[in-house]
Structure formats: structure tokens, C-alpha cells
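Some notes on the structure that comes next.
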Amino acid sequence: MMSSEFGLVSEVQEMHSLKLIFVLNLVILLTQIDGRKICYEEDRKGLLELKSFLERQQVNGSDNVLLPSWVDDPTSDCCGWERVTCNSTTGRIVELFLFNLNGLYCFATVASDLPNWNMTLFQSFKELKTLNLASNCMRWKEKQGYLRLQQLETLDLSNNGLTSSHLHSLKKLKSLKNLILLGNFLNGSFPVRELSPFENLETLDLRMNSLRDSPIKFDSANSSKLKDVMLSWNYFKIDIMRFLGSLPLLKSLDLSRNNMEGTLSNQDLIPFRRLEVLDLSHNQLEGDIPQNIGKLYSLKALYLTDNLFNGALPVPGLCELRRLQVLDLHNNSFQGTLPPCLSNLTSLEILDLHDNLFSGSIAPNSIPSQQFLQLLYLSNNDFEGSFSLSSLFNHSKLEAVTLGSRGNKLQIDNGNQAGNPLFQLKELQLSNCNMKNAPHFLLNQHNLSWVDISHSMLNGALPSWLLENNTDLKSLSLRNNSFTGKLDPLPQHPISVMDVSYNYIDGHLPKDFGTILPNLEYLNLSYNFFEGELPPSFCAMKSLSILDLSFNNLSGEVPKALVENCTDLVRLMLDHNNFHGEFFSSNFNLSNVIVLKLGDNAFTGSLITKREFYSGMVVFDVSNNNMTGEIPNGIDASVLLLQNNSFQGQIPCEAFHNAQVIDISHNFLSGPIPSCLSLDNFAQVLLLDLRNNRLSGNILPLVSLLPSVLKFLLLGNNLFSGLIPRHLCLLRETSIMDLSNNSFSGSLPSCLSDVAFGNSHDFSVEFMFSYEGYSRGVDVFYYVYKIDFVTKNSVLPYTGSILSYMSGLDLSCNNLTGAILESLGKLTSLHALNLSHNRLTGFIPVSFSSLSQIESLDFSYNNLSGQVPSELVNLNFLAVFSVAHNNLSGRVPDKGQFATFGISSYEGNPFLSGLPSEKNRSQVVATPLPSDETEEKWYYVDRTSFFASFVATYCVVLLTLGAVLHINPYWRRRWSQFIENCIYSCYYFVVDALRKLATNSIN
């Protein structure tokens, strides 16, 4: 009975509760219907006060309308205002997202330059839980008082101007769990004291500050709840790990990009048994991974990318991490084979080992379990042997695979794969693999978005079916293979990046190329055998920013629409083709191009004169064309190549401000060096080549403007005159200096020994382009120095690193007088010295025996006297020596390299003795010959034997060459390029000869 009464009472109470809830909901509904809002008046006024303050903080003249929905209207519900979130039950504001209010980036270098905010304006938001003030370039006065928001849990103050002392104002935020201080001005040691009041803190983000030291004393009890600590982009040392190891609940630690040095020890890792994520990437840590890594049983992600680690992977330590899901060790120097125990990492989803020194074969049992593996990156190692792709076919979740080996040592077995794979890849890289045909399994892949099968010896027709089967394909690289045939037919496709350079594709480019691939942003067809004209449809690729058609046989005129409508082009390379006509038309509109390479064609006309066109130009190459006119004012580029044209007039006064390489050789420039040139014109120049022009006058106005870092100064074959200025001696880093074939007079500057002549080791100019398309990484462009220099009686080309073995001084063919300086013997790195065809007198300095690296020494056609110093026999690298046509006397040296020089090195010196011809005659004993044999010449040869052996040898050489070119596509390509270079060399030899002949006839 009592139980039934009790049940009845309970039912009555439950009915009353339901009625109460209904009444409350009805009240809320009625108030809303009545037009009254749920936003608290205190919160609304607080927001309006905050807006008023922020408007006063705005920069004068700013067009930015700040928080337009925050209006002083009692009927406007502040819970519906932008950047505001309210509690749906209480109506109080719980979240404010006030990040980047002005839409500007903070570029202040010191915190004192930033505006002060009144943080007390946030006190009215009693129930605020999340406050985001990131990217406002602000700070506050340190003595302003405490910020009292008792319920605040998340505070984001990233990208502002705060220092460690500002944290004192936050000490009353007892409920704070997440504190984000990324990108501020915190410096010194880890802010232990400032963070100690936050007893509930779980996440701490101090990335991108200037913190560098571990605290001297640390009580982990005040930070016992910290779980996630992010300290990247600071300057911490490795000992910070021992300090952080005392945090008992730490699960995620990011110490990347701190430039930490040294080794990682077992002691550093012992405290982190609860750690789930450890990121030490982008530092300078070296040595082995400690065996104790296996003690981090909870570890799920390990990032050691881009360090100096070496040695083998720690076995069994690494293989004991059974919970590991991400293992990223790429871009180190790890060695050895892949340990088979990697297959024990059954939870692994990402394995990234690319760009290391792993070797040996890739055993199928070293690939982690097929259950979870999604990303497998093993490219750019030293793997060898054979690897069958079918061993991956059962990895059903696999989305990305990269394989490859330096030197094409890894053989990919793609001929006998059984069945179809269970996966559908999105990314595939098989670069630098040894394959003959594209993998068969690709025929069944339909989700690919990024494919790189470059440098892999593939042959046959271009696999255009990759485009047909994968409609989402964004990037395709088939670079440096042996594909042949035509480029068409191609299917209609939205691909963005396509690279089929360095192949053997020929024929005409498809007329509808631009319309079937309209979304291309990057197209590289260079180093093939395309011919014919460039289709006008290329102009239909409106997003095209990089186009490389260099080193083909394309001809005709460049379509006008390409240079008028493709305004997104940033890099255009058309060099080494057969294009002709005027490129810079009146409607030329490539305003965004920063790399323009038109060299080695037959373009005519003059250069564009708009100064804004050259602004920001990196490479401007119109060399080896038929262009005319004057070089315009304002022309500029980091690499400026104008050689081998027919430009006339003077050197422009307002040009070359950013140039590092200037080559205007082999033109028709004339007149003296303009007096209007200033230091700004050549402030950054490293190579200056003005050879083979008609420039005249004194070079002092030019030399006085050149920077001391100049490496190559080439002024030969002009009409310069006057004294050689002492300012040349200030070019202390110059390796090659050519002042030959001018009319310089006077004596040699005594300070020439101050110039380096050979101590430079930079032989290229590097430019980095970040391409924001689908292609990976950063695109690097190198301009490699190319210099023709007379040495060893020949004009020899020196390119790239070969310049490390070449330095020279050429003052030949001038009117220099006086003695050869003893101080030139101090140029111990000099490889070539040419003082021939002058009027020098005196002796050959004995100090020249110190020129230990000299290979070519030419004093011919002067008025030197005395003896050839016997000490010169110590010059062990001397290959060419000439003192012909002087007034030397005495006996010539006959030891060391001097034993190899012929009489031509000494002719025209009647008083020299012990010449090579005399020595040979003194050693030969005349033997009387029979009368019938004396009529035969000493060089008599049996013609039948000679021709038979010659024909046999010739046939063997041809057959051997043909076999090598047939078997090896690399040498076949090199042979084709060699023949092409020979044709060009012969052509320009004839052109230069005719040009010089015409010049001489005019003079």
C-alpha cells in the first residue's frame, strides 16, 4: 500500500516538473514573439564600448568598416552579431572571435611600435569561455590591471606584440586550459614563472617567438595538467627536453625548427613514456636514434625530418613502437637496409623515409602491415636490386607510393604482376627507377591526382591513357625518359602541371593543344624534337604561368596572342629553337613575366622600352639573335644576356640596378663609358662581359663603380685606351680578368697582386621560385657562369664548376710598357697569364717560380731581355710557355715541363741557346744510307697496309659508336646535342668572321 502511494506521489511530482518546463519554454517563446532578444544588456553595451575603442585605434584614413553588424539598436540581438557566439540557454556571450580585425599583417620589428589595447573592456563578458584576439598587432599596458574572466578556457593572442611581462596581467585566469601565444615577442628563457598561475593549463603554444634557454628552476606541480606543448621556431637547445620531461601528463611535444644541435641521448627520452607525438624535425641533430626510443610505448607519431641523423635505424628499439601511426624520417642520412621488423608496426599509417642513404634491396617483409598503411615514401635513396610492385597489391588503404634510387639502381618489376591491386592510389612517384614500360597496374587506377615517373628509362609511346583514366589528375611528370612518337592525340583534360621534357617526342604540336588542356599552369616540353610553328591555341590556356619549349626545332613567328593575352605567364622559355620575327610587338603585354629566355633563335627588332616591364625581372635572355637598336634605359634583370646581337649606341645610364650577370658582348656598342653611370648601376654585379664591341676611352669611370665582389671582368676586343687604373686592384675577389686587344698604355699597376685570381668558389647564381600550383616543393633555377677565355693558345669554354680550376689575367695585345712586376709572383692561384704583344722590357721575374698553379704563361712579342729563369722548371703544371720574339739570351731550361716545349716557344730570340732543335741534332748520329735508299723519304709508308688498317679501324669505330648509341639512350641524347652544338658553333664562327670582316672594311 505504501509503495503504491509512493508511486502515486512520484507521478504527481513528475507531472509538476513537466508543467514547469512547459511554462518556462512558453515564457521564452512569448518573450521572443514579443520582440525582446535573449542578448544580455550588459554584454551588448560591452560590445559597443569595445567597438568604439577599436574604431579609435584604427589608422587614420583607413577604409576598413569595423564590425558593421555591431549597431547601437536596442532591437538588434547581439547574439546574432558577427564574431559573437552566445550560450543558447542563458543568452550570455561565450565566444568572441576578434582575430585580424583590420585585415592587415603585422610588420613591426619591436613591440613598442604597436598600439595598446584596453583589456579591461572584456570584463563585462562574465561567461566568456573563448577569446580570440590573434593577428591584431596589439599589446596592452603592463600595469593596466588583471584580466578577470573566471570562466575563460581558451585565449588566442597569436601574432601580436606581447612580451613575457604581459603574461602577468593574465594570472587571474584560473580556468584557462588553452593559451596560444604564437608569433609574439617573447624572449629569454621558457616563461615558467609567468605561466605558473595557470594550474589548469592543458595546451601551450609558444611557437615563433625568440625563446632560447631552459629555466634554471622549474616546479612541474604548477603545470601538472599540460598535455600539448608547441615550441617550434624558437632557439631552444637540446637540454629543454630534460626540463619538459618532468611534465607528468605530456602527450604532444613540438620542438621543430629550433636549430638544435648535438645528439639525442637515451637520457633525453626516458621521461617521455606517456608521449604520443614527438616532433624534432628541421633541426641539426646528428648521430643515431637512441635505442630507448622503444621505451616510448604510447608514441603514435615521430617526426625527425630534415636533421643530420645517420647510421642504421635502431633495431629493435624502433620496432617496439606497436602504437606508432606516423614515422617520418625523411631528409636525413640514415644508412643500411630497411629492417624487416618494420612489418611489426601494425598500426603504421604513414612511413616516410625518402631522401636518405638507405641501401640494399627493399624486401617485401620490410613494408609495414597492409591493414592501415596509407602513405609510403621511399624515394631518393640508394636502393638496388629488384622490387615487385605486386607485393603492395594487398594494401587496400594505400593512397600514395614513392619509390626510387639514385643512379637508377632499383629495378621495378612490372611485367609479371598477378591480379589487380586492392588500392586506388592518389599519388605515385617511380622516379629514378629502372623500368622499360609503364607499370601495368596503372591501367586500373582511376583516382590518381599526382604522378611522377621521371628518369626511369621508359620508352615507347607517351602514355596518354593516364589522362583518359584519371579525370582528377592534376600533375604528370614523365621527364627524362625515352618516349618517342607524336604528342597527339591527347584527350580533353583539366590537368594543371605537365612535364614531358628530355624525351624523343617529335612532330608538330597539336593545333588544339590549348583547348584540350585549358587549365594548364605549368607546361614543360623542352629538350625534345618538336618542329613546326607554335599553335595559336596556346593562348587559350588562360592560367598558364610557366611555359618551357626550349631546345626543340620549333620555327615560325611566336603567335601575337601569346604575348598579348597570356598575362599570367611568369616564366617563358623559348630559347634554342628556330623562331624568327619581332617578339616585342607594340601590343606586348607580358607584364608579370620574370624569366624570359629567347636566346639562340633568329628574332629581330628592338627591345621593349617600358621600364616597368623590367621591374622584378630575374632572367632576361635574348642572346644569339638578330636584334637591333639601342639598349633601353631601365633595362634590368638579375641575369641579363644580350650577347651576339647587333645592338648599337652607348651603354644606358639608368640600367643594371639589380643585375648580377651582365653579358653584352659581341655587339656594336660604341663610345666612351657614360659619365652618368652611378654606383647603383653595378652594385650587385658578379660577371660583366663587354667584349667584342667598339667601346672606347678610359675605363676608370666604369671600374670605379664595380663592386669588390666582382668575379669576372671581361673587356677584351674593344677600343679602350689610357692607363690601367689602380681601381682594378680593389676587385679582390676577381677570378678572370680580360683586358686584351685594346690600346691600354703605361706600366702594370703594382697592386695587381692584391686580386684573388682563383680563390672564388661560387660558379652559379641561384634563384628560388615557389610555385603555388600542384607541383611539389620549390622550383630552383640556376644560371651557371659560361666564359670563353684565351688560354693555352686557344679559346676555351669554361662552365660551372670547371671554373674552380680556372683563373686568368689577359693583358695581351695592348701598348703596355715598363717591366713585368715581381709582385705578380704572389698570384699563386693563377692558372693563365698572358702579357704577349705589348712593349714590356726588363727581365722575366724569378718570383714567377712561385706560380705553383700556372698552366699557361705567354710573354711573346715584347722587348724582354736577360735569361729565362731556370727556377721556372719548378712549375709542374705549366703546359704552354712562350717567350717568342723578345731579346732573351742564355741557355733555356731543359728540365721538368720545359723538356716538352718546342722551338716555337723561343723563336725570334737569336741569342738563346740550347733550343729544342739544337738538342735534338746533338743527340742524333748520322748513319750513311745506301745510294738506292737515300732517295726514299723518311716518312715513307706502305700505302696498301696503311689504307687497309685505316678502313678496318674506321669501320670498327663506327660500329662501336652505333652500338653504344643504340643501347644507351642517354649517350644517344648527348650525341644529338653534340651534333647540334657543332652546327651552331660552325654557324656562329662564319657569322662572326663575316661580321669582323665587315667591321674591318668599314673602319
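From a predicted model like this one, the values you see are computed outputs, not experimental measurements. What's counted below: heavy atoms across the whole structure, side chains too, no hydrogens, waters or symmetry copies. Counting begins at 1 with the first residue of the sequence.
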Under 3.5 Å, is there a donor-acceptor pair between the [X] and [Y] side chains?
X	Y	value
Asp213	Ser189	no
His330	Asp352	yes
Asp239	Ser214	yes
Lys225	Asn200	yes
Asn331	Asp306	yes
Asn480	His455	yes
Thr154	Asn178	yes

Donor-acceptor contact below 3.5 Å, side chain [X] vs main chain [Y]:
X	Y	result
Asn432	Gly404	no
Gln411	Asn434	yes
Asn470	Asp472	no

**OP:** Taking side-chain contact (heavy atoms from CB on, under 4.5 Å) as the test, write out the residues that go with Ser477, two or more places apart.
**Re:** Asp452, Ser454, Arg479, Asp499
Original post:
Considering residues at least two apart in sequence or located in another chain, which fulfil the salt bridge (charged side-chain N to carboxylate O under 4.0 Å, His left out) criterion with Arg207?
Top reply: Asp205
**OP:** Considering only NZ, NE, NH1 and NH2 on the basic side and carboxylate oxygens on the acidic side, decide whether Asp268 and Arg242 come within less than 4.0 Å.
**Re:** yes
**OP:** May I ask you to decide whether Asp548 forms a salt bridge with Arg571, counting only side-chain N to carboxylate O separations under 4.0 Å?
**Re:** no
**OP:** Report yes if some heavy atom in the side chain of Leu403 is under 4.5 Å from a heavy atom in the side chain of Ile412; otherwise report no.
**Re:** yes
Subject >> Given Asp288, Asn292, Leu280, Ile289, the one that forms side chain to side chain contact (heavy atoms under 4.5 Å, CB included) with Leu264 >> reply: Leu280
Original post:
With under 30° as parallel and over 60° as perpendicular, where do the rings of His354 and Tyr377 fit, or are they tilted in between?
Top reply: perpendicular
With a cut-off of 3.5 Å and sequence neighbours excluded, list every side-chain donor-acceptor pair involving residues 229-237.
unit_1: Asn234; atom_1: OD1; unit_2: Asn209; atom_2: N; d: 3.4
unit_1: Asn234; atom_1: OD1; unit_2: Ser210; atom_2: N; d: 3.3
unit_1: Asn234; atom_1: OD1; unit_2: Leu211; atom_2: N; d: 3.0
unit_1: Asn234; atom_1: ND2; unit_2: Leu206; atom_2: O; d: 3.0
unit_1: Asn234; atom_1: ND2; unit_2: Leu231; atom_2: O; d: 3.1
unit_1: Asn234; atom_1: ND2; unit_2: Ser232; atom_2: O; d: 3.2

Original post:
Is the Phe243-Phe190 ring centre distance short of 6.0 angstrom?
Top reply: yes
Original post:
Looking only at heavy atoms, which two atoms of Asn283 and Leu255 are closest? And how far apart?
Top reply: ND2-O, 3.1 Å
**OP:** Can you establish whether the number of heavy atoms outside Arg406 located under 6.0 Å from its atom CZ is more than 12?
**Re:** yes
Subject >> Among Phe483, Phe551, Tyr504, ring pair (Phe, Tyr, Trp, His ring centres under 6.0 Å) partner for Tyr527 >> reply: Phe551
